Amino acid sequence: MMKLRYAKASPFVRKVIVLAEEAGLADRIELVATDVWSDQTDIQTDNPLGKVPALVTSDGTFVGSFACCDYINGQSGSRKLIPDEGRARWRVMQTHGLADGAMEAAVAYVIESLRRPKEYVYQGYLDRQAGKIAAALGALEARLADLSELDLGSITTGCMLGYLDFRLKAVLDWRAKASGLAGWYADFAKRPSMLKSAPE
Ligand SMILES: N[C@@H](CCC(=O)N[C@@H](CS)C(=O)NCC(=O)O)C(=O)O
């Protein structure tokens, strides 16, 4: 049994959970709810960086969503959501990099705007993150064909867009800028793995 340190609102955790669901391995993962922002948190015992996700396994502990997904994918006999090699792997890595980077920028935006005392919030920093998100959405829009495959690239894109809806709907009308992605996401969001892991 693996143990996943998780928080329901984290898009990085969601990515790991959706990949595990799609790989048919979710029932081998125990979810351990973790509040990384609490003074009492013990997350450092599993991740010295103080972040979720962290995946504790009999082969050691993996920190960071990519490493967690890579390990889970390796455990799955049938479904390969991260291709081993060649063009298929490069394509997934390219899409994943864009979606994961947009996710980082979105989380940075949310932390700056929600967790900082108002007087310290720096608008220039928020604008910079919003610019990264918009540019990454444009790049993903140009790779729509790649998103038709179910893999780490499309899963990360779906979880990133879900996070934009969850936290940044009021400040960022992403559908207006990326209608192709909006159409793709309308279907992707209906996958049982996505419905089950939706943030509240
Ligand atoms: N690159 C990391 C990012 C993980 C991350 O930023 N997690 C956030 C929650 S969404 C967190 O735990 N933040 C706590 C902190 O920054 O101290 C990954 O891929 O997992």
Side-chain angles (χ1 to χ4, degrees), residues 2-23 25-26 29-57 59-75 81-82 89 92-117 120-122 125-126 128-130 132-133 136 140 151-169 171-172 174 193-194 196-200:
M2 297 173 255
K3 190 176 83 173
L4 180 68
R5 299 299 302 257
Y6 98 109
K8 189 128 191 183
S10 165
F12 291 102
V13 169
R14 189 179 189 194
K15 177 179 153 185
V16 178
I17 292 178
V18 170
L19 183 127
E21 284 280 349
E22 297 290 356
L25 293 175
I29 299 177
E30 180 199 348
L31 299 179
V32 180
T34 304
D35 179 359
V36 291
W37 303 106
S38 156
D39 293 340
Q40 270 87 51
T41 186
D42 66 344
I43 181 64
Q44 279 87 4
T45 58
D46 290 322
N47 183 357
L49 300 169
K51 295 185 179 191
V52 287
L55 185 71
V56 183
T57 79
D59 295 315
T61 298
F62 297 85
V63 304
S65 57
F66 180 78
C68 298
C69 288
D70 187 54
Y71 180 77
I72 294 167
N73 182 63
Q75 299 300 299
L81 297 167
I82 308 176
R89 182 174 171 84
V92 172
M93 291 300 135
Q94 289 162 2
T95 307
H96 171 262
L98 291 167
D100 193 71
M103 202 181 261
E104 290 277 5
V107 167
Y109 190 110
V110 168
I111 291 174
E112 176 78 9
S113 59
L114 293 187
R115 296 219 168 256
R116 277 205 168 202
Y120 294 123
V121 172
Y122 176 43
Y125 183 79
L126 294 179
R128 194 170 164 87
Q129 304 312 316
K132 290 178 198 300
I133 297 166
L140 286 165
D151 54 35
L152 180 67
S154 53
I155 288 171
T156 306
T157 302
C159 294
M160 181 271 292
L161 295 174
Y163 189 70
L164 296 185
D165 275 352
F166 175 53
R167 287 288 202 216
L168 295 176
K169 215 166 189 168
V171 291
L172 207 137
W174 69 267
S193 62
M194 289 292 287
K196 222 170 139 179
S197 62
E200 284 145 11

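Residues: numbered from 1 along the sequence shown. Keep in mind that what you see is a predicted model, and the values were worked out from it rather than measured. Both ligands and their constituent atoms are indexed starting at 1 by order of listing. What's counted below: heavy atoms across the whole structure, side chains too, no hydrogens, waters or symmetry copies.
Within 4.0 Å of ligand 1, contacts by protein heavy atoms are made from Ser10, Pro11, Phe12, Val36, Trp37, Gly50, Lys51, Val52, Pro53, Gly64, Ser65, Glu104.
Among residues two or more places apart in sequence or in another chain, the side-chain hydrogen bond (donor to acceptor under 3.5 Å, both in side chains) test is passed with Asp42 by Arg5. Remark: Val56 engages Lys3, Asp46, Thr61 in a side-chain contact (heavy atoms from CB on, under 4.5 Å) (not counting sequence neighbours).
Nearest heavy-atom pair, Pro53 versus Leu4, reported as atom, atom and distance to 0.1 Å: CB-CD1, 4.0 Å.
Among residues at least two apart or in separate chains, side-chain hydrogen bond (donor to acceptor under 3.5 Å, both in side chains) pairs with a member in residues 98-110 are Lys15-Asp100.
The side-chain heavy atoms of Met194 and Arg14, taken from C-beta on, include a pair separated by under 4.5 Å.
Looking at Asp151, its side chain does come within 3.5 Å of a backbone N or O of Ser154 through a donor-acceptor pair.
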